[in-house]
Amino acid sequence: MSDTQAHFAVLRQTADPAFADALQQLIADGHDRELNRINALEFADRTGLDQEKVISGFLHASRLGLFDMSWNVLCPGCGGVLDAHTTLKSLRHDDYNCALCAAGYEASVDEQVEVAFTVSPRVRHIAAHDPNTLPIWEYFRQMFWSSGIEFDESSVSTLINEVTLEGLELPAGEKAILSLNLPNQFIIVFEPVTHSAHFFAVEGEPTTERQQFSIAFNKSHAPTGTSTMRPGPLRLSLENHADVRVLPSVWIAGDPLHKLLGKRKPILTAKRMLSNQTFRDVFRADNLTVDQRLKITALTFLFTDLKGSTALYERVGDLAAFDLVRAHFHALLEIIASERGAVVKTIGDAVMATFIRPEHALSAGLRMRAAMKQLNTERGKEDLVVKIGIHEGPCLAVTLNERQDYFGQTVNIAARVQSLSTSQEIHLTQPVMESAAVAGILDRAAIKPIQKEAALRGIADKLVVYEIP
């Protein structure tokens with residue numbers, strides 16, 4: 001048995017066997033580009049498999065060395081990959097700049113960082129393992145644009161025939177001269193390897209005189225700027241001062257380009273990965289560094305606490321109480337994972353969990369309450385009372401006490417909201433209630449929230465909260 005076969009045997013034990021079969025089939029029969037920067041959500045849709053099982057499967061496959069996981073910082077404007085990292089620790093919290101869009105962005109892990117998977121060269125060698133050998137349009141397709149761009153054969157045709165005036169491969173140290181006829185439109189000279197661009201604002205009366213312009217590509221000082229030109233002939237001199245091949249192309253910044261870049265599909269974001277239980281379990285060592293902090297513009301927090309646990313120990317004894325508390329934890333953690341959440345930590349008898357969407361947190365909270373009711377019914381007592389609070393807002397992903405954690409006022413409010421509960425009720429904040437999906441869950445369950453104002457310890461202003469009785 002080969003190493004790859006042995007790894008797949010292990011994968012079938014740790015991941016969904018149907019996923020392992022689909023992945024093995026892809027490795028055997030898939031086109032090279034299908035094995036580069038795989039979009040896990042698209043893979044799930046194409047194979048008809050559950051998204052969570054697919055994400056978990058790719059994580060286990062990466063742990064076994066079958067695939068390499070990458071964390072790619074994306075430009076929200078064009079969907080280009082501004083930076084690619086092999087580990088979470090490599091992500092920077094400072095600004096990233098996109099030459100094509102002539103804009104800078106503070107990288108947040110909500111939608112600007114994708115997690116993608118590429119087959120390991122030890123399993124199968126594909127063209128993208130040597131990106132400098134890819135043809136120009138395959139480089140754009142496989143290396144520059146993210147897995148969130150709908151880039152099919154029709155898109156390639158549009159790029160070549162409707163967007164591009166000229167495109168070429170320019171080896172290191174070489175020079176090329178292009179003769180162009182500039183239309184009366186905005187023109188971009190873009191180079192994806194050094195991620196550099198120059199813009200031509202073409203305006204005024206057409207000219208028959210040949211205009212001239214020179215651009216030099218250098219990885220250290222990628223050129224970006226705007227020059228005014230007149231419609232008519234242009235002699236464009238291009239020099240490659242970088243130590244790798246570059247791929248300059250001259251594009252018309254018109255509707256076909258904007259339409260091409262506007263065709264998007266869902267991606268596996270870093271935010272979703274950080275709130276994935278398998279990732280937190282399997283890649284425990286791939287935490288953020290101590291000084292690293294990543295901005296998340298919206299994350300849902302759920303806090304629970306077991307009411308009267310001290311009295312419970314006194315009432316039923318240490319051994320019986322421990323078994324009850326353990327059963328309560330088992331039920332809660334299973335529900336959190338099944339609702340696309342992840343446990344950040346347990347504190348005594350309390351749980352802190354994160355969810356990508358507030359409706360997932362509410363579904364988890366309602367199921368937790370039902371699970372405690374079931375445990376109490378089985379025992380014929382009402383000893384297990386879980387207090388639950390849910391809040392959504394911005395935060396920072398950080399490392400605290402050698403584990404990946406979260407920091408900010410959103411976390412503080414979520415913890416305080418939980419303390420408002422006195423029985424089995426759940427408390428939600430206004431941002432959670434504003435979700436249409438949350439409203440849908442409450443309507444279907446015929447639950448009427450009770451609105452009230454609450455003063456939270458350590459929070460200056462009173463907050464509007466909603467009790468789910």
Side-chain angles (χ1 to χ4, degrees), residues 11 14-27 30-31 33-63 66-76 78-81 84-85 88 91 107-119 128 141-152 155 261-283 296-300 336-342 354-361 363 435 437:
L11 184 63
T14 56
D16 180 18
F19 165 80
D21 290 343
L23 193 63
Q24 195 164 26
Q25 187 73 35
L26 179 64
I27 292 173
H31 188 282
R33 75 168 70 95
E34 294 180 289
L35 289 159
N36 178 50
R37 290 185 179 169
I38 295 174
N39 181 327
L41 305 187
E42 184 182 33
F43 182 87
D45 290 343
R46 190 170 68 249
T47 56
L49 299 173
D50 177 75
Q51 284 188 0
E52 295 304 310
K53 290 182 179 179
V54 166
I55 295 169
S56 176
F58 271 116
L59 287 169
H60 284 295
S62 298
R63 191 67 169 175
L66 295 168
F67 278 77
D68 297 322
M69 182 165 55
S70 61
W71 304 73
N72 305 321
V73 181
L74 311 182
C75 169
C78 67
V81 175
H85 304 274
L88 177 61
L91 284 175
S108 83
V109 300
D110 295 63
E111 302 296 335
Q112 279 182 248
V113 180
E114 72 167 356
V115 183
F117 302 89
T118 299
V119 68
R141 186 174 185 172
Q142 295 192 46
M143 304 306 299
F144 176 69
W145 274 306
S146 73
S147 67
I149 294 288
E150 287 275 10
F151 211 85
D152 53 17
S155 301
L261 299 181
K263 295 167 63 178
R264 304 295 176 94
K265 53 191 173 185
I267 60 172
L268 175 57
T269 62
K271 180 174 82 166
R272 182 164 180 179
M273 188 61 83
L274 292 176
S275 290
N276 179 277
Q277 193 63 56
T278 302
F279 174 74
R280 294 186 69 98
D281 293 341
V282 174
F283 286 86
I296 300 176
T297 57
L299 191 64
T300 305
I336 290 167
S338 67
E339 291 291 344
R340 302 185 183 183
T354 58
F355 296 82
I356 300 303
R357 300 286 304 157
E359 62 267 24
H360 298 153
S363 293
S435 164

Once you round to the nearest 0.5 Å, how far does [atom1] of [X] lie from [atom2] of [Y]?
X	Y	atom1	atom2	value
K263	K265	NZ	NZ	10.0 Å
L26	H31	CG	NE2	12.0 Å
F279	H60	CZ	NE2	12.5 Å
S56	Q51	OG	CD	13.0 Å

**OP:** Could you give me the CA-CA distance, side-chain angles and deciding distance for F355 and E339, then say whether side-chain contact (heavy atoms from CB on, under 4.5 Å) is met?
**Re:** CA-CA 8 Å; F355 296 82; E339 291 291 344; 4.0 Å; yes

So [Y] and [X], do their side chains get closer than 4.5 Å, heavy atoms only?
X	Y	value
L299	K271	yes
T118	L35	no
S147	E42	no
R63	T14	no
I267	L74	yes
N36	F117	no
T269	V113	no
R272	R357	no

Original post:
So which heavy atom on F43 is nearest to which on T47, and how close?
Top reply: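 For F43 versus T47, the nearest heavy atoms are O-OG1, 2.7 Å.
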
Original post:
Counting distance only, does the side-chain N/O of N39 pair as donor-acceptor with the main-chain N or O of P266 below 3.5 Å?
Top reply: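 It does hold such a pair.
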
**OP:** Could you walk me through whether D281 and Q277 pass the side-chain hydrogen bond (donor to acceptor under 3.5 Å, both in side chains) test, one step at a time?
**Re:** CA-CA 6 Å; D281 293 341; Q277 193 63 56; 3.2 Å; yes

For [X], what residues pass the side-chain hydrogen bond (donor to acceptor under 3.5 Å, both in side chains) criterion, not counting sequence neighbours?
X	result
S70	N72
T300	none
R37	none

Original post:
So F19 and F58, ring-ring contact (aromatic ring centres under 6.0 Å, His included) or not? Walk me through it.
Top reply: CA-CA 9 Å; F19 165 80; F58 271 116; 5.1 Å; yes

**OP:** State whether the number of non-hydrogen atoms from other residues, nucleotides or ligands found under 6.0 Å of K53 atom NZ is greater than 12.
**Re:**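 Result for NZ/K53: open.
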
Original post:
Are the ring centres of W71 and F283 closer than 6.0 Å?
Top reply: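 Not under 6.0 Å, so no.
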
Original post:
Which one of N276, V115, T278 satisfies the side chain to side chain contact (heavy atoms under 4.5 Å, CB included) criterion with I55?
Top reply: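 By the side chain to side chain contact (heavy atoms under 4.5 Å, CB included) criterion, I55 pairs with just one of N276, V115, T278: N276.
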
**OP:** Report the C-alpha distance between V119 and L66 in whole Å, list the side-chain angles of each, state the deciding distance to 0.1 Å, and finish with yes or no for side-chain contact (heavy atoms from CB on, under 4.5 Å).
**Re:** CA-CA 6 Å; V119 68; L66 295 168; over 6 Å; no

